[in-house]
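Following: one structure in structure tokens, then a few remarks.
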Amino acid sequence: MIALSVAAVLAVFLLYTSLAGGGTPSVSPSELATKTGEVALAGRVVGTPTGDPHGAGMRFVLVDIHQPGHRVTVLYTGSVPDMFRRGRDLVVTGTQRADGVFVSKPGTMITKCPSKYQAADTPA
Amino acid sequence: MAEFGRAALLLTFGLAAYALVGGGYAAWRGRRRLAHSARNALIASFFSTLVAALVLVAGFLRDDFSLAYVAGHSSRALPTPYKLSAFWGGQEGSLLLWLLVLTGYSALAVWLARKRARDLVVWVTPVLAGIALGFTWLLVAVSSPFDVIAAPADGSGLNPSLQNPYMVVHPVALYLGYVGLAVPFAFAMGALLSGRTDERWIVATRRWTIVAWTALGIGQLLGAHWAYVEVGWGGYYAWDPVENAALMPWLAATAFLHSVMIQEKRGMLRVWNVTLVSLAFCLSLFGTFLTRSGVVTSIHSFTKSSIGPWFLGFIVVAVVFAVGMIWLRLPQLRTTAKLESLVSREAAFLYNNLLLVALCLTILWGTAWPMVSEAVRGETMVVGRPYFDFFLRIFGLPLLLLMGIGPLVAWRRASLRGLTRTFAWPAAVALATGVVLIALGAGSSTPGLVAYTFSAFVLATIVHEFARGTSARRALTGEPVPTAFGRLIGRNRRRYGGYVVHASIVLLAIGIAGSSAYDSVTEGRLTRGQSLSVGGYTLTYRSLGEREAANATEVRALLDVRRGGKDLGTIQAGKNAYSVEQQVSNEVGIRTDYLTGEDLFVIAEQVDDNGAVFFRIFVKPLVNLIWLAGLVFLLGSVITLWPDAREERRLATREARAGARSDTPATT
């Protein structure tokens, strides 16, 4: 009885994962070059953003959190969370264009809230 | 001051170590006086932890910035209530709160159970002491709230997003829930250790489980309301790992609350129940780990965090211990009672359990997937909202339907004729609701329509149950309706409180379905005088104002709201720019229609220099039922928990019977 139900649940699960794939790869700017297609790009905001996220798009630069040498320009459209500003860590989903600019899917920016994701030795 | 706090924590450490080692030895060798003393040490550890907590509170109130923790999470200008809540604004204080709640619960639990379940408490003491010891170790050796620095002139302040009333109450409610699950876990392990695998540990901890489960549920709803009103992105739940962290143990505890009834009534599912309670407790440890170790951002930041590896080790120990104990006692846990029919109360509860656990585990998988894939494939994969929404529908909707069926099906074996009689009119109500809803155009979303129809079914069964009980009582006693109704609930608090909780879950389901399946949204850039229309409302942007408040510049756009030619007044939305913290926050405008439970939700996404504003406007039907559900949920829990002399006697006989029925205690 229980075994049957567990099997049924597993079947539903496998059905879903085979239909939808195993999710979106999450990469840092230093790993971006090795990936094609849609990815979730995680990095830290540097410099001053320019442009209109509700018009032609906002441009800003993300650097690798662990290897600050790597940077990528992001062209973002859609809602900008409150927490967005220089120095924040965030994730944005999209694809890299041939000219190296990372173009977001609209409204995919998620900022990581430092108070909740605190790691003891890295000050927020 | 700091030395005093540190000394109090060291004392807690010593007391917990003594209660673990001494209590364990006493239980093993049957030394009654030593067991007594270990129990008292566990109770005393609450008071020493309380002293440590008070030292930290005093540090905050006196602006003692020589304490690194106070300097890092407070400032002179911080209002007093937030100085108190800054206590749990960071990692060290949160751990101390965890330990305080744990030792408090432990002391109360072993004290209350000292007479009735004496031979159980002997074994419960070392288990609780072991958990307390782990947390005290973190506080003493790894992440101390009493580290001292050269006092700066002022502290660096509390994160603005934590400076609101929700963040004062929400973490405390969550911790009361998370930590409360340690008590039923410890009693279950105590029962396994002592070899007395009867139902007494369940009877002794029933209230504890409900208290913890209620606190966890309310804590989550507070968090959701905070996200909705304060964070201002237009939703209340985002399947964020820290949100899932609280949802998973709640789901496991919900499954546990239901399956223990089967064990109480029929003596079945013993292995399953100890497994569930272990799962719930380990998930609550995992939840604390998720929010506190930095593992969510990346495994890299996890290995840099000081408490992460300790915590992971702690979880592994808990899992191995629980699995080992269940394995060891498997022969005693086997039961003779078998499921007699697939159509019975037992079977319905079993389906409910499987669905809840399946939902819980798929959420766990989705939450842990980035870490698992990074560890296994060296590539971090994330699953998003579609994954979680899919499983919420696949497992959640049948669960909703079962909530109507389960409580009305007969024990052991239900007859087809009985089923038809019981469910004829709830099914008719559900069908009629479905037809009316399709006529009204609710067919635009199939999951939404299904959710509404199922909700109607469940509500009909609940109303039916209350009506039937009241009229049966009237026929018996001749009381007037209100008296009969009141006494019906008063004499069967567990049952009717449970129905009230079920009603709250239905409200929750209707609210979620309404606001997610039938919401409408529009966005656009408006200059003064321009309008946007959405969901029957027309909003016209009138003016923009700016105001200097004490700590922020407040910008507000004013809009006129009309619906169907009727003037509904104005609504404001804007942004606050906090000067000191250099942070901007959305201040959304919400207009609630209390008659229909609908919200008009306006976000001023961007204010241009020329005065044009980019608006994002939602209409969320029935969303307020979610918050109403919280109140009804609390009411149902309180009804269930309310002390009742009759219930106490019933429990006492049940406990005695369970004790008599149990096998002779196995020797270890």
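Numbers restart at 1 for each chain; the letters A, B, ... are given by sequence-line order, proteins then strands.
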*Please say whether more than 12 non-hydrogen atoms of neighbouring residues, nucleotides or ligands are located less than 6.0 Å from CG in A:D99.*
yes
*Output the option from B:Q606, B:R616, B:E523 having the highest count of non-hydrogen pairs under 4.5 Å with chain A.*
B:Q606
_Partner residues of B:F395 under the ring pair (Phe, Tyr, Trp, His ring centres under 6.0 Å) criterion, sequence neighbours left out_ = B:F391
*asked:* Using the ring pair (Phe, Tyr, Trp, His ring centres under 6.0 Å) criterion, which residues pair with B:W310? Sequence neighbours excluded.
replied: B:W137
_Gap between atom CD1 of A:I110 and atom CH2 of B:W233 - 0.5 Å precision_ = 9.5 Å
*Give me the contact list for residues 43-56 of chain A versus chain B, heavy atoms only, anything under 4.5 Å, ordered by residue number.*
A:D52, A:P53, A:H54
*Measure distances from A:V80 to the heavy atoms of chain B and classify the residue's part below 4.5 Å as side chain, backbone, both or neither.*
backbone
_According to ring pair (Phe, Tyr, Trp, His ring centres under 6.0 Å), who are the partners of B:Y82, at least two apart in sequence or on a separate chain?_
none
